[in-house]
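Only one structure is covered here, and it is reproduced in the block below.
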Amino acid sequence: MDYSTYFTNYSTEEISADLLGRPLTYNDGKRTLGGYIVEAEAYLGKKDRAAHSYGGHRSPANEGLYGRGGTIYIYAQRQYFFFDVATQAKDEPQGVLIRAIEPAWGVEQMISNRSGKNGILLTNGPAKMMQAFGIHDKNWDLHFLSDSPFAIDLNDQHQKRPQEIAKSARIGVNQSELEWANKPLRFFVAGNPYVSRMKKNDYRANNGWQ
DNA sequence: GATTTGATTGTCT
DNA sequence: GACAATCAAATCC
């Protein structure tokens, strides 16, 4: 399936859950870095109080959300960057935030990009993942996935399969609007140590993969 | 292990 | 000038 079909023909919640276990890679010009997606959050556009596009808000900074499904939306907050992929048709500003991956390719380079931090600290958070890739700008914002060094492998033969997909409220969203803050729009691989805020007691054998 | 706090910058008003 | 889809170090059990 091509990116455009995958990120347009399914609901944003379905896409967020289905991405778990699929490889996300970034080519830094010399080598391929990346791993398996273990955590993703859905942001449901104009009606979603926690989304940057709530109420139809639109600016140069969040234009990526308004792109067609498969468009990259890179957002800056403080000194950190996040990696999102727009979902749904052009001008329907929904998207998926990739929050964490289980490192698999170019691990040594990613550790180096993270100043030597390794283990789960390498990629168990959205800004940590971007640091591991060595990204410190919005250069690839607004580009389509296939026209960028990023790749999400949609071949079912290449993905890991979660034992269980767990859901929870999204992390870090404004708690003043509880109806949206509490919606279970965060999807993660149950028991995978690279999921942000995963407790040791909840770790599962084989990192939660089948 | 859980909770708190300071760092620090793009973006919008 | 205020705030934010965070992180890491410090502190307190």
Side-chain angles (χ1 to χ4, degrees), chain A residues 7 12-13 15-17 19-20 24 37-67 71-88 92-101 103 110-142 150 166-188 191-204:
Chain A
F7 287 106
T12 303
E13 295 99 309
I15 295 166
S16 304
L19 282 172
L20 301 178
L24 167 66
I37 297 170
V38 295
E39 182 180 1
E41 288 180 352
Y43 285 86
L44 302 186
K46 299 172 185 173
K47 66 185 179 191
D48 183 352
R49 198 61 206 266
H52 292 155
S53 51
Y54 173 68
H57 175 72
R58 189 168 188 166
S59 74
N62 75 354
E63 184 62 28
L65 278 175
Y66 287 82
T71 301
I72 293 172
Y73 169 45
I74 294 179
Y75 177 75
Q77 182 197 42
R78 285 179 157 77
Q79 65 269 52
Y80 304 120
F81 290 91
F82 302 96
F83 179 80
D84 299 45
V85 180
T87 60
Q88 310 310 315
E92 177 55 45
Q94 302 191 27
V96 175
L97 167 68
I98 309 298
R99 284 191 57 91
I101 60 175
M110 291 196 287
I111 292 172
S112 171
N113 290 342
R114 289 271 295 138
S115 313
K117 294 195 190 316
N118 60 11
I120 65 169
L121 293 177
L122 187 57
T123 53
N124 68 338
K128 300 180 192 183
M129 183 185 81
M130 291 295 261
Q131 280 184 9
F133 287 169
I135 294 168
H136 303 285
D137 55 49
K138 291 176 61 173
N139 190 42
W140 297 106
D141 185 38
L142 298 174
F150 292 94
K167 305 181 187 68
S168 80
R170 291 169 292 187
I171 290 181
V173 305
N174 190 326
Q175 295 294 313
S176 62
E177 288 286 339
L178 289 179
E179 182 191 345
W180 280 98
N182 290 335
K183 275 190 189 295
L185 294 175
R186 169 179 178 247
F187 302 84
F188 58 97
N192 186 287
Y194 292 93
V195 172
S196 56
R197 302 188 186 182
M198 179 66 65
K199 298 189 182 105
K200 274 192 180 172
N201 280 344
D202 294 334
Y203 286 6
R204 292 192 185 184

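We name chains A, B, ... by the order of the sequence lines, and we start the count at 1 in each one.
- In this model, no donor atom of one side chain and acceptor atom of the other lie less than 3.5 Å apart for Ser53(A) and Arg58(A).
- Proximity of the aromatic rings of Phe83(A) and Tyr73(A) is defined here by a centroid distance below 6.0 angstrom, and this criterion is not met.
- At whole-Å resolution of the value, CZ in Arg58(A) and P in dT11(B) are 17 Å apart.
- Taking the six-membered ring where the residue is Trp, the centroids of Tyr75(A) and His52(A) are separated by under 6.0 Å.
- Partners of Arg78(A) by side chain to side chain contact (heavy atoms under 4.5 Å, CB included), not counting sequence neighbours, listed by chain and number: Tyr80(A).
- Rounded to an integer number of Å, the gap from Met198(A) CE to dG1(B) C1' is 16 Å.
- With sequence neighbours excluded, the residues that form a side-chain hydrogen bond (donor to acceptor under 3.5 Å, both in side chains) with Asn113(A) are Gln109(A).
- Qualifying side-chain hydrogen bond (donor to acceptor under 3.5 Å, both in side chains) partners for Asp84(A), counting only residues two or more places apart in sequence or in other chains: none.
- In this structure, NZ of Lys199(A) is placed 13 Å from C1' of dT3(B), rounded to the nearest angstrom.
- Listed nucleotides dT11(B), dA2(B), dA5(C) differ in distance to Lys138(A); the shortest reach to its side chain belongs to dT11(B).
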In 5'-to-3' order, the base (B), backbone-only (S) or no-contact (-) status of each nucleotide in nucleotides 6-13 of chain C, using a 4.0 angstrom heavy-atom cut-off, is BSSS----
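- Using a 4.0 Å heavy-atom criterion, one finds that Tyr43(A) contacts the bases of the nucleic acid, with or without backbone contacts as well.
- With salt bridges taken as basic N to acidic carboxylate O contacts below 4.0 Å, one links Asp48(A) and Arg170(A).
- Listed by chain and residue number, Arg186(A) satisfy the side-chain hydrogen bond (donor to acceptor under 3.5 Å, both in side chains) test with Ser168(A) (two or more places apart in sequence, or in another chain).
- What separates CG of Asp141(A) from P of dT11(B) is a distance of 9 Å, to the nearest Å.
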Give the dot-bracket line for DNA chain B from 5' end to 3' end: parentheses for intra-strand Watson-Crick or G-U pairs under 3.5 Å, square brackets for crossings, | for inter-strand pairing, dots for unpaired. |||||||.||||.
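- Per the geometry, CG belonging to Asn62(A) stands 12 Å off P belonging to dA5(C), to the nearest Å.
- Residue Ala50(A) is in base contact, counting any heavy-atom pair closer than 4.0 Å across all strands shown.
- Side-chain contact between Glu41(A) and Phe187(A) is absent, with no heavy atoms from C-beta onward closer than 4.5 Å.
- The CD-P distance, from Glu63(A) to dT11(B), rounds to 13 Å in whole Å.
- Rounded to whole Å, the distance from CD1 on Ile74(A) to C1' on dG10(B) is 14 Å.
- If you measure from atom CD1 of Ile135(A) to atom P of dG10(B), you get 17 Å, rounded to the nearest angstrom.
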